[in-house]
**Q** 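Provided herewith is a single structure, encoded as structure tokens, for subsequent inquiry.
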Amino acid sequence: MIYAIGDSFTYGDELSSRDLAWPQLLADQLSKQIINKGRCASGNHRMVKRCIDAVLNRAELVIVVYRDWE
């Protein structure tokens, strides 16, 4: 299983459809299932916890994206 972890950019909050979020587009390209664990206003602490959870669930791959506006 592949997990995508990140903030609203990963979640797809600003898009007209979450099917246009990068995790879904990548899943379509790879013909694999990707679990989108992106959440709006997600900080580093929450992302680290989600990474640990993914590893404990025996993730094949974990992709973390954090968008810094500064």
Side-chain angles (χ1 to χ4, degrees):
M1 188 66 58
I2 300 173
Y3 288 81
I5 298 170
D7 57 10
S8 60
F9 181 72
T10 300
Y11 180 75
D13 186 53
E14 56 279 322
L15 301 172
S16 59
S17 168
R18 288 192 56 212
D19 290 335
L20 299 173
W22 71 262
Q24 186 58 50
L25 297 176
L26 181 60
D28 294 344
Q29 287 291 315
L30 297 175
S31 297
K32 292 208 171 223
Q33 181 181 10
I34 297 180
I35 304 299
N36 186 343
K37 292 287 189 174
R39 295 293 176 260
C40 299
S42 187
N44 291 339
H45 180 76
R46 182 178 289 163
M47 284 189 248
V48 168
K49 183 179 180 330
R50 291 191 186 277
C51 285
I52 292 168
D53 291 343
V55 169
L56 292 175
N57 286 325
R58 306 215 184 269
E60 175 185 346
L61 178 67
V62 178
I63 304 169
V64 180
V65 174
Y66 179 73
R67 185 177 54 172
D68 186 4
W69 289 104
E70 295 182 64

**Q** Using only atom types and a distance under 3.5 Å, with no angle test, would you say the side chain of Arg39 pairs donor to acceptor with the backbone of Tyr11?
**A** no

**Q** How about Asn36 and Gln24: do any of their side-chain heavy atoms sit closer than 4.5 Å?
**A** no

**Q** How close do Gly12 and Ala21 get, heavy atom to heavy atom, and via which atoms?
**A** CA-CB, 3.8 Å

**Q** So, do Ile63 and Leu26 sit near enough that their side-chain heavy atoms are less than 4.5 Å apart?
**A** yes

**Q** Considering only heavy atoms from C-beta outward, does the side chain of Gln33 approach that of Met1 to under 4.5 Å?
**A** yes

**Q** In terms of hydrophobic clusters joined by side-chain contacts under 4.5 Å, are Leu30 and Ile5 together?
**A** no

**Q** To the nearest 0.5 Å, tell me how far Thr10 OG1 sits from Arg18 CZ.
**A** 10.5 Å

**Q** Would you confirm whether Asn57, through its side chain, and Ala59, through its main-chain N or O, come within 3.5 Å as a donor-acceptor pair?
**A** no

**Q** Is it possible for you to say whether Leu56 and Leu61 belong to one hydrophobic cluster, with membership spreading through side-chain heavy-atom contacts below 4.5 Å?
**A** no

**Q** Would you indicate whether Gln29, at its atom CD, is surrounded by more than 12 heavy atoms from other residues, nucleotides or ligands within a distance under 6.0 Å?
**A** no

**Q** Contact between Asp53 and Tyr3 at the side-chain level, heavy atoms closer than 4.5 Å - yes or no?
**A** no

**Q** Can you tell me how far apart CD1 (Ile2) and CD1 (Ile34) are? Round to the nearest 0.5 Å.
**A** 5.0 Å

**Q** Compare every heavy atom of Cys51 with every heavy atom of Val62, then report the nearest pair and how far apart it is.
**A** CG1-SG, 4.0 Å

**Q** What heavy-atom pair brings Met47 and Ser42 nearest, and what distance separates the two atoms?
**A** CE-O, 3.5 Å

